[in-house]
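To start, the structure itself, in structure tokens.
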There are 2 protein chains.
Amino acid sequence: MLDKSHKHVTCATCGARKDSLFGSFCDHDVELTNEQKTCAYFKKGQAIFIEGSFPRGVFCLNQGKVKVFTRGDEGKEQIIHIAKEGEIIGFRAMFSGEAYKVSALTLEECNICYIAKDDFLNMIDTNSTLRNGIMKELSKELGDRAVFITNMAQKSVRERLAFALMILGDIYGDEQINLTREDMANFVGTATETLIRLLKDFKDEGIIEIHTRKLEIIDQEKLIHLAGK
Amino acid sequence: MLDKSHKHVTCATCGARKDSLFGSFCDHDVELTNEQKTCAYFKKGQAIFIEGSFPRGVFCLNQGKVKVFTRGDEGKEQIIHIAKEGEIIGFRAMFSGEAYKVSALTLEECNICYIAKDDFLNMIDTNSTLRNGIMKELSKELGDRAVFITNMAQKSVRERLAFALMILGDIYGDEQINLTREDMANFVGTATETLIRLLKDFKDEGIIEIHTRKLEIIDQEKLIHLAGK
DNA sequence: TAAAAAAAATGATTTTAATCAGCTTTCAAT
DNA sequence: ATTGAAAGCTGATTAAAATCATTTTTTTTA
């Protein structure tokens, strides 16, 4: 259980900051950011922002994982990204001037900091390192999504699952992958039943181990081979 | 036939510049840009840049259309974007520091200007209007691609074709849509045969007219309805 | 303008994955 | 500890779209 008082979360001591976009900040900038941000505890399944609304600031994940998704015509979620500790989310719509095209929902308990739009835009304008980091991030994601689109269009569900498990492996690190079957299906872009059957296949082939809800990758090599290019 | 000598292409008189990211440049910046850019004629089907190579500058489309695509495992193209007059292409990889994740190929005869990396990055650093324009563009595209991914995952080929035709209608403007069936299939993310059959259905339903290679949208309303959200 | 090549079209068949329906296990709340 | 709800699982069936094999038309170029 996380500390719900979240008094202790300061940018200077924030473990997630080190390899975030704020990682290279000097002491002065860290202190400034610390004064501008507010921090809040989110319980599991809580909304951070919703598709169609307009951004008033950005969110910085101090602790916990978040799913970023759009809804299709029939309301079915397509998970675009799973964000983890250290990531800044919700800045895309701030630059585009549009409403959010995605929603963000916590997958577990989270501590999330918030920086108001004007403060963040001011940071971007005055801090070229942060700015370049943001531009690099936007550009990288754009490339990743081109690949994502191609995978959706051309790979089989089995190949996409292998690919998704590799990404999830990176995101969860030492921890075991912990998603509902439905969320995983909505990430792979398939029906829940199909996903369940394929997970069983992967288990039978010794690629993963299933511990009820949690998944463990056993054979990374096979996964890489299965996922293709 | 375009003028292959392309001597006349100067930024000050460039018709494509007005509603491009360079549109708000002052006379001085226009002149500077004009001195930094070089301009070249590309014939139909020529490569502008190729997936896997590293960018040395950006390209600005003065005349003609370009397909931007990645190749899947079996070499099949997935068209991510079709760029038209006024668009700057190839800047994503310059910011991300990665190799190109996409290739760009002319769909017709083109006049394309080129600005070297250092010159362009210098522009970005010194011109906040251009910079904000670029960030807005990156962010917008990122949102569009989230929707693209969701469409791929959840819409039927028929719905995706309707969606694609709407986008193509915008891109081609008054002109008729002019793509090979294969390119169109690679944009929609389907097999060429499937695309051909669906085009015939759309024709029979009075949605489009087919003039051999060129397509004309007749019933925009039906298209919008078919494409869904 | 004739020949060759590329693109478009059509029909038959197969494959993949979605859908539907019902059942079981797990988890959370009282 | 019990119960209800959510999540997970299984089997049968259907539907969508890919693939394969040819033929026809259009475009290019020799």
Side-chain angles (χ1 to χ4, degrees), chain A residues 1 43-45 67 72-78 105 107-109 150-164 176-204 208-215 226 228, chain B residues 1 43-46 67 72-78 105 107-109 150-162 164 176-204 208-215 226 228:
Chain A
M1 186 67 99
K43 56 188 178 195
K44 185 174 170 175
K67 64 174 169 181
D73 290 6
E74 268 93 62
K76 187 180 158 83
E77 294 180 6
Q78 174 60 45
L105 222 103
L107 286 168
E108 46 191 68
E109 293 189 298
T150 308
N151 286 349
M152 280 298 180
Q154 300 188 8
K155 282 193 201 295
S156 65
V157 176
R158 189 178 154 87
E159 290 169 315
R160 294 208 304 270
L161 174 57
F163 196 86
Q176 295 188 358
I177 297 166
N178 184 10
L179 281 178
T180 66
R181 300 290 188 263
E182 191 180 358
D183 278 338
M184 211 177 295
N186 290 343
F187 186 40
V188 173
T190 188
T192 308
E193 297 94 322
T194 303
L195 180 109
I196 287 168
R197 284 181 249 259
L198 284 171
L199 280 183
K200 209 181 94 183
D201 291 349
F202 278 22
K203 194 193 76 180
D204 292 345
I208 58 170
E209 262 179 22
I210 302 180
H211 308 112
T212 43
R213 168 73 160 274
K214 293 178 178 172
L215 299 186
L226 261 179
Chain B
M1 186 67 100
K43 57 188 178 195
K44 185 176 169 173
Q46 224 181 318
K67 64 173 169 180
D73 290 5
E74 268 94 61
K76 186 180 158 81
E77 295 179 7
Q78 174 61 44
L105 222 104
L107 286 168
E108 45 191 70
E109 294 189 297
T150 308
N151 285 348
M152 280 298 182
Q154 300 188 9
K155 282 192 202 293
S156 65
V157 175
R158 190 178 153 86
E159 290 169 314
R160 295 208 303 272
L161 174 57
Q176 296 189 357
I177 296 167
N178 184 11
L179 281 177
T180 67
R181 299 291 188 262
E182 190 180 359
D183 278 338
M184 211 176 295
N186 290 342
F187 186 40
V188 173
T190 188
T192 307
E193 297 93 322
T194 302
L195 179 108
I196 287 169
R197 284 182 248 260
L198 284 171
L199 279 183
K200 209 181 93 182
D201 290 350
F202 279 22
K203 193 193 77 180
D204 292 346
I208 58 170
E209 261 178 24
I210 301 179
H211 308 114
T212 43
R213 168 74 159 274
K214 292 178 179 171
L215 300 186
L226 262 179

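Within every chain, numbering begins at 1; the chains are lettered A, B, ... in the order of the sequence lines, protein sequences first and strands thereafter. Basis for what follows: all heavy atoms, side chains included, without hydrogens, waters or symmetry-related copies.
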Comparing nearest nucleotides in DNA chain D, the 5'-proximal residue of the pair A:E182, A:A153 is A:E182
Of the nucleotides [options], which has the atom closest to the [X] side chain?
X: B:R181; options: C:dA8, C:dA18, D:dC9; result: C:dA8
X: A:R197; options: D:dC9, D:dT19, D:dT10; result: D:dT10
X: A:I196; options: D:dC9, C:dA18, C:dA17; result: D:dC9
X: A:R213; options: D:dG8, C:dA8, C:dA17; result: D:dG8

Separation of atom [atom1] in [X] from atom [atom2] in [N], rounded to whole Å:
X: A:N186; N: C:dA18; atom1: CG; atom2: P; result: 11 Å
X: A:H211; N: D:dG8; atom1: NE2; atom2: C1'; result: 17 Å
X: A:L195; N: D:dT10; atom1: CG; atom2: P; result: 13 Å
X: A:D201; N: C:dA17; atom1: CG; atom2: P; result: 11 Å

Looking at [X], does any N or O in its side chain come under 4.0 Å of the phosphate oxygens OP1/OP2 on [N]?
X: A:T180; N: D:dA7; answer: no
X: A:K200; N: D:dG8; answer: no
X: A:T190; N: C:dA18; answer: yes
X: A:T212; N: C:dT26; answer: no

In terms of the nearest nucleotide of DNA chain C, which residue is placed more toward the 5' end: A:K155 or B:T192? B:T192
Pair B:T150, B:K155 - check side-chain contact (heavy atoms from CB on, under 4.5 Å), show working. CA-CA 8 Å; B:T150 308; B:K155 282 192 202 293; over 6 Å; no
Can you find a donor-acceptor pair, distance only, under 3.5 Å between A:E193 side chain and D:dC9 base? no
Take A:K67 and A:L179, measure what side-chain contact (heavy atoms from CB on, under 4.5 Å) needs, and give me the verdict at the end. CA-CA 10 Å; A:K67 64 174 169 181; A:L179 281 178; over 6 Å; no
For the pair A:R181 (side chain) and A:T192 (backbone), establish whether a donor and an acceptor sit closer than 3.5 Å, ignoring hydrogens and angles. no
Using a 4.0 Å heavy-atom cut-off, does A:S156 contact any base of the nucleic acid, only the sugar-phosphate backbone, or nothing at all? sugar-phosphate
